[in-house]
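Structure first, commentary second.
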2 protein chains.
Amino acid sequence: MDETDYKIIDFLREDSRETNMEIARKLNVSEGTIRKRIMNLVNSGIIRKFTIETSLSIEGIVLIELDSRQASNTLKTLKSLYSDIYEFSGSIDVAVRISKNTIEELNMEVDKIRDLKGVVNTDTMVRLK
Amino acid sequence: MDETDYKIIDFLREDSRETNMEIARKLNVSEGTIRKRIMNLVNSGIIRKFTIETSLSIEGIVLIELDSRQASNTLKTLKSLYSDIYEFSGSIDVAVRISKNTIEELNMEVDKIRDLKGVVNTDTMVRLK
DNA sequence: TGTGAAAAACCAAATAC
DNA sequence: GTATTTGGTTTTTCACA
């Protein structure tokens, strides 16, 4: 992670479809250099995913109350199912962030969470437009 | 916005660097069709931006308890300050999602929220690695 | 990093819906 | 009339020295 890597990340944050060539031109290096660096950033987990932001998805945060006796197992399960997980420091309660195309799909996903062993209760917040 | 557009969006959400060609192959249409449709999705504002998710930033969700008598005003203030706001349906309590480079910066931002008029209490959740 | 082959993106005209 | 395909050109990607 040097200055060049940070610049590459900044460019990709703004436009992840910018070509390697174009980034290379801006940074005065070869295309192959950009391609290899991006590959390394992905392999090392620094770049998690290339994605888009849309105006149509429903985004929700599901607050999840866990049974404290099963908390660590349930948390493990949640981690395997969702990538966007939040936790109070030092508390057993967690939240997952979910993005779906419709409110129905979001509700179905919440139902899945409610059915998980060790989940006592859930509360869903929806992103304001 | 038809079925094809939704599928294109789903593919791009998973990998915004997937080539038009590859998407075209999966949907059995020509590359030009995919390119034009993506262009239309961008121009109509449905696709807001092509971006990346990284593991560099600290992401937090701040749960905010509002004074019910000032709730609508405080919510208005929060909306002007943050773009990623979540709300329980029919409840006065909200959450904002904040992304910062360090935990210190995140805490400073939370302090700002606590100082807002009408904010009774806050609780911060931090994204798990 | 530089080179050359393969792939993808792009453009304009023709066609299909 | 709008959307899609087709064919030809430019640009980018990718592997290898």
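Every chain is numbered from 1 and lettered A, B, ... according to where its sequence line falls, protein lines coming before strand lines.
Look at CE on B/Met39: it is 12 Å from C1' on D/dA3, rounded to the nearest Å. Remark: P of D/dA3 and CG of B/Asp5 are 10 Å apart, rounded to the nearest angstrom. In this structure, the CG atom of B/Asp2 is 10 Å from the P atom of D/dA3, given to the nearest Å. We find that NZ of A/Lys36 is positioned 11 Å from P of D/dC16, with the value rounded to whole Å. Between the CG atom of B/Asn20 and the P atom of D/dT13 there is a distance of 12 Å, given to the nearest Å. In this structure, B/Arg37 places its CZ atom 18 Å from C1' of C/dA9, rounding to the nearest Å. Separating the CD atom of B/Glu31 from the C1' atom of C/dA6 is a distance of 16 Å, rounded to the nearest angstrom. Between the CZ atom of A/Arg25 and the P atom of C/dG2 there is a distance of 14 Å, given to the nearest Å.
Counting only heavy atoms from C-beta on, B/Ser30 has its side chain closest to D/dT5 among C/dC10, D/dT5, C/dT1. For A/Thr19, the side-chain atoms get nearest to D/dT12 when compared with the rest of D/dT12, C/dA9, D/dC14. Nearest to the side-chain atoms of A/Val29 among the listed nucleotides D/dT5, C/dT1, C/dA8 stands C/dT1. Comparing C/dA9, D/dC14, D/dT4 by their nearest atom to the side chain of A/Arg35 picks out D/dC14. For B/Met21, the listed nucleotide lying nearest its side chain is C/dA9; candidates were C/dT1, D/dC14, C/dA9.
At a threshold of 4.5 Å between side-chain heavy atoms, the hydrophobic network of Ile, Leu, Val, Met, Phe, Trp and Tyr places A/Ile9 and A/Ile34 in one connected group.
Contact check on A/Lys26 versus A/Glu18 returns a salt bridge, with a Lys/Arg side-chain nitrogen under 4.0 Å from an Asp/Glu carboxylate oxygen. The existence of a salt bridge linking A/Glu31 and A/Arg25 is excluded, since no basic side-chain nitrogen approaches an acidic carboxylate oxygen closer than 4.0 Å. Under 4.0 Å is where a charged nitrogen must lie from a carboxylate oxygen, and between A/Asp115 and A/Lys112 no such pair does.
Looking at heavy-atom distances under 4.0 Å, A/Arg17 makes no contact with the nucleic acid at all. Looking at heavy-atom distances under 4.0 Å, A/Glu22 makes no contact with the nucleic acid at all.
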CA sep, side-chain torsions, deciding dist, call: A/Arg48, B/Glu53, salt bridge (charged side-chain N to carboxylate O under 4.0 Å, His left out): CA-CA 5 Å; A/Arg48 277 214 199 90; B/Glu53 285 174 19; 5.1 Å; no
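No more than 12 heavy atoms of other residues, nucleotides or ligands shown are found within 6.0 angstrom of CE on A/Met108.
Take A/Ser72 and apply the side-chain contact (heavy atoms from CB on, under 4.5 Å) test, not counting sequence neighbours, and it matches no residue.
End-to-end axis angle of the helix from C/dT1-D/dA17 to C/dC17-D/dG1, using five pairs per end and rounding to 10°, comes to 30°.
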